S.K.: 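Can you read through this structure? Questions will come right after.
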Amino acid sequence: MWERTLQDLIRGLRANKKDEAKFISKAVDEIRNEIKSDDMELKAGAVLKLTYLDMLGYDMGWASFHVVEVMSAPRVHLKSVGYLAAAQSFDQETDVLMLTTNLLKKDLGSTPADVAVTLNGLAHFVTPDLARDLSPELIAMLNHSRPNIRKRAILALYKVIMKYPETARHARTRLEERLEDPDPSVVAATVNVLCELARNYPRDYLSLAPQFFHLLTTSSNNWMLIKIIKLFGALSPYEPRLVKKLQPPITELISNSQAISLLYECVHTCIIGGMLQGPNGDSLAQLCASKLAAFIQDTDQNLKYIALLAMTKIAPSHPHLVAEYQDTILASVNDQDISIRMRALDLVSAMVDRDNLQSIVQQLLSHLVPENSSSMLPSAAQSLLQHTANTPRPLSSPIQSPAYRLVLCQRILAMGSQSTYENVTNFEWYISVLVDLAHVANVHVGTEIRDQLVDVVGRVRAVRRYAVKLMYQLISDVTMLRNAHEEGSCSEVLWAAAWVCGEYCDELNEPQKLLPYLLQQEISSLAPEIVAVYIQAATKVFGTWAASVARRWDEEDLTEVKNVVEQLTSRFSELVRSPHIDVQERAANSNQLFRLIQADLDAHRPKSSTQFSPDSSGLDTSEPRFPKSLYLIEPLSATYELNPVATNAQVSVPTPEGLDLDAWIIPPPHEVVDQPPDRKKKGRKGKEKDPKESKIKVSKKKKAKFEYEDTLAPVEETPEDIVERAKRKAERLAQLRDDPYYIGIDTPRTVEEDVDSIPIVQLEGMSSLLGPSVSSLPNLKATSQTFATTSFVIDRDGEMPEGAVNNKPVLLPESWQRMSTSDGDLEHALKHQTLNPGESLASISTRPSPLPSYGAPDDDVRTDTPEPIKVTRSKKKGTGKKRRTPISAEVGI
């Protein structure tokens with residue numbers, strides 16, 4: 001009978017590609033018949049064909065027992081087929097492995113050829129049980145007379161130790177002896193095994209350091225040297241003396257070796273082993289940096305990748321050495337391989353300092369500019385004019401992929417804001433970079449740019465004038481507003497622009513010219529949170545401008561102010577109908593303010609110029625020449641300066657003496673649970689009740705009533721307490737009657753007061769409504785200080801309250817460490833809580849506030865316990881069925 005061989009099976013598969021499944025099904029049927037044969041040659045051939053089919057993805061688990069039969073064949077060429085099939089198909093769950101223990105022990109004691117085949121197969125399918133049973137035989141084979149058997153036994157022993165770790169204790173001595181084996185292949189195998197074992201428990205192998213050092217200085221096997229150097233890299237953190245001992249041989253290897261892989265391992269071990277520190281570390285670090293720079297310029301992409309990765313680890317300790325190869329590293333940012341570009345960005349971010357930040361950021365920004373643009377990055381003003389055309393930005397090369405652009409933009413922002421802008425020397429330049437980045441990013445980084453713009457302007461006073469001018473140009477840029485709905489347009493930067501212009505609009509010469517841009521019809525396409533900030537900024541800008549007009553008031557200005565107020569009122573009336581609640585609320589508030597201003601402007605009549613003439617009581621009886629409403633808005637936002645707050649300011653506020661935050665201010669009343677006794681259902685009509693049972697119910701009811709009334713019995717009041725309580729009640733009602741926000745008291749409508757008849761009082765700390773005289777009127781735009789580019793001072797720490805307790809700083813998220821200026825309401829809250837220079841924490845309450853206080857009066861604070869509760873019970877007429885009436889409580893006031 002003719003049987004197919006493995007060669008015939010392969011030829012048949014190649015000839016039947018169209019009907020491969022049918023051919024294989026037929027071949028498997030033939031193999032099933034062959035594998036049951038008593039002829040071991042035929043059985044081994046069938047197992048060999050099954051092994052090939054298993055490599056193609058066809059399961060041969062059903063033939064595992066027949067594989068064991070072939071493993072027990074007496075001839076070595078048949079035995080090798082069985083072990084090959086076992087290594088290919090057996091796993092930890094194969095049940096027939098329990099039958100192979102005695103077979104493996106017998107083969108391990110057989111001829112050298114059988115032992116070699118057995119060791120090769122055992123390393124693939126060893127289980128914990130086999131490892132426990134066969135470990136004595138393997139340890140004994142470490143002293144075998146043949147080097148190839150010793151080498152195979154060492155490698156198989158590593159797999160046994162992984163499955164049964166107890167073997168390591170017994171094999172440790174024999175493995176150490178093999179480090180001095182006369183055969184170099186056995187030594188290399190031993191070093192390989194010990195290196196892998198020491199990776200998990202390096203401290204246990206410190207005693208082998210002298211032997212490994214001897215091999216390091218005497219061996220010429222590069223692969224074994226790589227393993228030894230890796231091992232020393234794991235041992236060095238546990239034995240500092242090794243660093244000084246290893247520096248000379250490793251330096252010699254780096255200088256003389258031509259093997260790239262050995263060079264990289266030496267450099268990597270120097271980095272992770274701490275060898276770059278100490279007196280000789282600088283020269284070794286310089287040597288490593290020069291070698292890695294050569295690797296970066298190599299054409300091999302793998303070598304370039306690992307060189308960039310190793311250079312990133314040198315940068316924290318020796319940034320000046322890495323900075324010498326800045327051009328070489330930046331050239332890798334243009335590489336077509338995305339992994340190399342990412343590693344180059346990591347390295348660039350790690351080597352940034354105050355000297356090279358600007359050059360690195362400019363080069364990285366040039367990668368974001370489309371290729372059809374100029375190779376030189378324009379300035380901020382040129383960038384604003386350059387990107388006026390509403391054209392899509394094509395991604396014409398792999399380096400312009402959105403994912404890479406996003407990472408690149410985030411790295412630029414991270415480099416600038418590192419350690420609270422530690423490396424930024426010119427903040428005007430950095431503001432320009434942020435604006436340029438918003439135009440060329442084309443990815444979603446608008447929120448990060450917005451936060452940094454607000455943070456920088458708030459922390460650096462000297463940059464505010466330049467920032468306001470640049471934000472003015474940004475708000476007036478039609479392109480940014482038109483493309484706000486596009487993906488990656490970074491329209492969030494308009495939020496920062498509006499906030500900066502509104503907060504520091506006094507830096508503008510003509511702030512009223514900004515109002516048409518803030519309230520133009522096109523802002524409806526912006527996000528609601530941006531529109532809300534636009535409304536807030538427009539209100540602040542008008543308040544600042546109106547106050548400046550009032551200081552230099554001329555009756556000819558009345559028409560211009562009326563026109564501006566009319567335009568603002570009209571626009572706010574439209575925004576009130578916005579579907580977004582935040583826009584609605586801010587527009588409605590501003591609309592009411594401007595209606596009041598508009599009414600005051602309509603009622604204004606020209607007055608002669610007079611001076612203040614205070615009477616004996618200190619009140620000013622003269623009328624201002626300008627409408628008083630021009631000073632209505634400015635105190636709402638300009639009374640207190642908005643400054644950054646320290647991250648641990650809140651927790652550092654000292655607790656006042658005698659204040660117990662855990663004690664009740666007003667103790668809660670005691671709750672009395674009145675549980676009525678269980679009632680039985682009323683008997684049927686005509687049946688008499690048990691008089692004893694009725695008597696018991698009545699007594700229980702009286703007892704419960706007695707207990708309840710005894711608990712809540714009123715406390716007798718002295719005449720002085722009654723008078724004091726009545727006095728407090730009358731004072732509180734009088735205050736609530738005058739409170740327009742309290743609707744609980746019906747008071748008769750009073751006659752409308754004449755606002756103009758109210759005398760003007762000179763308040764402490766407030767500027768005069770009439771303004772100073774012309775001779776003493778300061779010209780803020782002309783006399784303001786001009787800051788040079790080198791005079792930037794950044795407030796990194798933020799303000800702390802006076803008398804702050806030196807508590808342990810609280811670690812806050814990065815987003816919390818920035819100024820809390822994301823909303824107008826929070827902005828004013830911070831203003832009221834910021835300490836001025838030389839001001840104590842206790843004096844905050846005495847500051848003049850621009851807004852009225854609607855808190856509870858101080859004299860109404862209760863210092864005693866609440867009045868007792870008087871409980872009364874009322875009886876209702878029933879229909880024959882007794883019910884318990886609800887309790888009505890009257891609280892005495």
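Basis for what follows: all heavy atoms, side chains included, without hydrogens, waters or symmetry-related copies. Since the model is a prediction, treat every value here as computed from it, not as a measurement.
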S.K.: So is Arg199 actually on top of Tyr205's ring, under 6.0 Å and inside 45° of the axis?
M.R.: no
S.K.: Treating Ser236 as the side-chain partner and Gly233 as the backbone partner, does any N or O pair qualify as donor plus acceptor under 3.5 Å?
M.R.: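 Here the side-chain-to-backbone pair does not exist.
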S.K.: Within the side chain of Asp91, is there an N or O that forms a donor-acceptor pair under 3.5 Å with the backbone of Thr94?
M.R.: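 Checking the backbone N and O of Thr94 against the side chain of Asp91, a donor-acceptor pair under 3.5 Å is found.
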S.K.: Whether Lys26 and Asp29 form a salt bridge (side-chain N of Lys/Arg under 4.0 Å from carboxylate O of Asp/Glu) is what I want to check.
M.R.: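 The answer is no: the pair does not qualify as a salt bridge.
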S.K.: Using the six-membered ring wherever Trp is involved, compare the ring planes of Tyr83 and Phe125 and label them parallel, tilted or perpendicular (cut-offs 30° and 60°).
M.R.: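 Rings of Tyr83 and Phe125: parallel, under 30°.
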S.K.: Go through the steps to decide whether Arg172 and Glu176 satisfy the test salt bridge (charged side-chain N to carboxylate O under 4.0 Å, His left out), and finish with yes or no.
M.R.: CA-CA 6 Å; Arg172 172 72 178 269; Glu176 293 178 5; 2.7 Å; yes
S.K.: Strictly distance-based, threshold 3.5 Å: is any side-chain N or O of Thr217 a donor or acceptor partner for the main-chain N or O of His214?
M.R.: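 Yes, Thr217 side chain to His214 backbone: donor-acceptor pair under 3.5 Å.
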S.K.: Using atom types as modelled and distance alone, determine if a side-chain donor or acceptor of Arg405 lies under 3.5 Å from a backbone N or O of Leu368.
M.R.: yes
S.K.: Counting heavy atoms not belonging to Trp223, are there more than 12 under 6.0 Å from its CH2?
M.R.: no
S.K.: Donor-acceptor check, side chain of Gln92 to backbone of Val126, threshold 3.5 angstrom: yes or no?
M.R.: yes
S.K.: If you compare all heavy atoms of Leu413 against all heavy atoms of Glu448, which two are closest, and at what distance to 0.1 Å?
M.R.: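 Heavy-atom minimum between the residues: CD1-CB, 3.5 Å.
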S.K.: Do Glu196 and Lys227 sit within salt-bridge range, that is, some charged N less than 4.0 Å from a carboxylate O?
M.R.: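 Yes.
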S.K.: Would you find more than 12 non-hydrogen atoms of other residues, nucleotides or ligands less than 6.0 Å from Glu30 atom CD?
M.R.: yes
S.K.: Please report the shortest heavy-atom distance between Met351 and Ala323, naming the atom on each side.
M.R.: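 So the two residues come closest at SD-CA, 4.4 Å.
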S.K.: Does a side chain donor of either Thr5 or Asp8 reach within less than 3.5 Å of an acceptor in the other side chain?
M.R.: yes
S.K.: Spell out, as yes or no, whether a donor-acceptor pair under 3.5 Å connects the side chain of Thr51 to the backbone of Val47.
M.R.: yes
S.K.: Any side-chain donor-acceptor pair under 3.5 Å between Thr111 and Asp114?
M.R.: yes
S.K.: Between Asp183 and Arg150, is the salt bridge (charged side-chain N to carboxylate O under 4.0 Å, His left out) condition met? List the steps.
M.R.: CA-CA 10 Å; Asp183 190 271; Arg150 296 199 300 272; 5.6 Å; no
S.K.: Assess whether atom NE2 of His124 is packed by more than 12 heavy atoms of other residues, nucleotides or ligands within 6.0 Å.
M.R.: no
S.K.: If we ignore angles and hydrogens, is there a donor and acceptor under 3.5 Å between the side chains of Ser339 and Asp337?
M.R.: yes
S.K.: Could you tell me whether the side chain of Cys270 reaches within less than 4.5 Å of the side chain of Ile254, counting heavy atoms only?
M.R.: yes
S.K.: Taking Ser366 for the side chain and Gln363 for the main chain, is one N or O donor matched with an acceptor at less than 3.5 Å?
M.R.: yes
S.K.: Are any side-chain N or O atoms of Thr312 and backbone N or O atoms of Leu308, one a donor and one an acceptor, separated by less than 3.5 Å?
M.R.: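 Side chain of Thr312 to backbone of Leu308, a donor-acceptor pair under 3.5 Å: yes, one is there.
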S.K.: Under the side chain to side chain contact (heavy atoms under 4.5 Å, CB included) test against Cys266, which residue among Ile271, Ile229, Thr251 passes?
M.R.: Ile229
S.K.: Check the pair Glu34, Lys49 against salt bridge (charged side-chain N to carboxylate O under 4.0 Å, His left out), reporting the backbone distance first and the verdict last.
M.R.: CA-CA 11 Å; Glu34 295 173 0; Lys49 289 186 288 184; 2.9 Å; yes
S.K.: Just wondering, more than 12 heavy atoms not from Glu487 lying within 6.0 Å of its CD?
M.R.: no
S.K.: I want to check something: taking the side chain as every heavy atom from C-beta on, are Leu9 and Phe23 in contact at a cut-off of under 4.5 Å?
M.R.: yes
S.K.: Cut-off 3.5 Å, side chains only: do Ser349 and Asp346 have a donor facing an acceptor?
M.R.: no
